[in-house]
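All chains are named by letter (A, B, ...) in the order of the sequence lines, taking the proteins before the strands, and each is independently numbered beginning at 1. These numbers come from the heavy atoms of this one structure, side chains and all, not from hydrogens, waters or symmetry mates.
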Protein chains: 2
Amino acid sequence: MSKARGAEEVAAVDEVFRALAHESRRQILMVIQFRGGEMTAGQIADRFACAWPTTTRHLKVLEESRLLVVEKRGRVRVYRLAKERLLSVTQGWLAWFAPGADL
Amino acid sequence: MSKARGAEEVAAVDEVFRALAHESRRQILMVIQFRGGEMTAGQIADRFACAWPTTTRHLKVLEESRLLVVEKRGRVRVYRLAKERLLSVTQGWLAWFAPGADL
DNA sequence: AATATATTTAGCAGTTCTGCTCAATATAAA
DNA sequence: TTTATATTGAGCAGAACTGCTAAATATATT
């Protein structure tokens, strides 16, 4: 049986793959992963050569694609990696190509 | 032990994720997959609403990222899906986030 | 309240991407 | 060799993306 793929899921795949298209955004996800799954905007921005507002915008793209979830804590913003979404959306799409693909 | 990640692999990841960023290109890969792994440029272009040269360019992006391999046969060009590269490059990157990630 | 800290928003310039139309090329068939 | 078929290339316009600087906002500290 093939899994139903509604417009919502198609949109999710699009948002996620679009977000993953930029090297800096992929690096942001990795940095957060290596640092235990969450980091503040400042900790993230400090690790990149580009200007802080540039990182802010990458963070926004990641947040809009729901690969990151943000939480305000006092004056910092903590970004948490939505690892489950990252894996389920990408692997979900890639499954169409997997050896035992569900055709 | 973490896998060594040379500039080449980083470039491969970038090319592949960039190629996967566009919905039409993802659809092209799926269409070829469902049709058994290879199709001519014309068969592919016929399945899309956009103008043929537009599809041609998407095919070029996919070929440059080596997700498709092209072969000239008489006056047609057969595009073959490089499923192994698709899976190895994407899963290779995603593995950093997998449950038992090799940190 | 004044100041410092953390982060985002606004807005601009340059680049890249997408899709189109109108050729151009290459091979096959008549 | 003329004509039809299959496909790509050139070049343009508009949209989207990226990165920057300067300014705004929001919270904490003094």
Are any of the side-chain heavy atoms of Asp14(B) and Arg26(A) separated by less than 4.5 Å? yes
Closer than 4.0 angstrom, basic N to acidic O: yes or no for Glu15(B) and Arg85(B)? yes
Going by the angle between their ring planes, with limits at 30° and 60°, are His22(A) and His58(A) parallel, tilted or perpendicular? tilted
ring-ring contact (aromatic ring centres under 6.0 Å, His included) with Tyr79(A): which residues, sequence neighbours excluded? none
Shortest non-hydrogen separation from Ser65(A) to Val16(A) and the atoms involved: O-CG2, 4.0 Å
Is it true that Glu38(A) and Arg73(A) make a salt bridge, defined as a side-chain N closer than 4.0 Å to a carboxylate O? yes
Would you grab the first and last nucleotide of DNA chain D (5' to 3') that comes under 4.0 Å of any non-hydrogen atom in chain A? dC17(D) to dT29(D)
Ignoring backbone atoms, test whether Lys72(B) places a side-chain nitrogen or oxygen under 4.0 Å from the OP1 or OP2 oxygen of dT27(C). yes
Reckon Phe48(B) touches a base, only the sugar-phosphate, or nothing at all at heavy-atom distances under 4.0 Å? nothing
Can a salt bridge be assigned to the pair Glu71(A) and Arg80(A) using a cut-off of 4.0 Å between side-chain N and carboxylate O? no
State yes or no: are the ring centers of Trp93(A) and Phe97(A) separated by less than 6.0 Å? yes
If you restrict it to nitrogen or oxygen atoms, what contacts under 3.5 Å exist between nucleotides 17-20 of chain C and the protein, and what is each distance?
| residue | atom | partner | partner atom | Å |
| --- | --- | --- | --- | --- |
| dT18(C) | OP2 | Arg25(B) | NH1 | 2.9 |
| dG19(C) | OP2 | His58(B) | NE2 | 2.7 |
| dG19(C) | N7 | Arg57(B) | NH2 | 2.1 |
| dG19(C) | O6 | Arg57(B) | NH2 | 3.1 |
| dC20(C) | OP2 | Ala51(B) | N | 2.8 |
| dC20(C) | OP2 | Thr54(B) | OG1 | 2.9 |

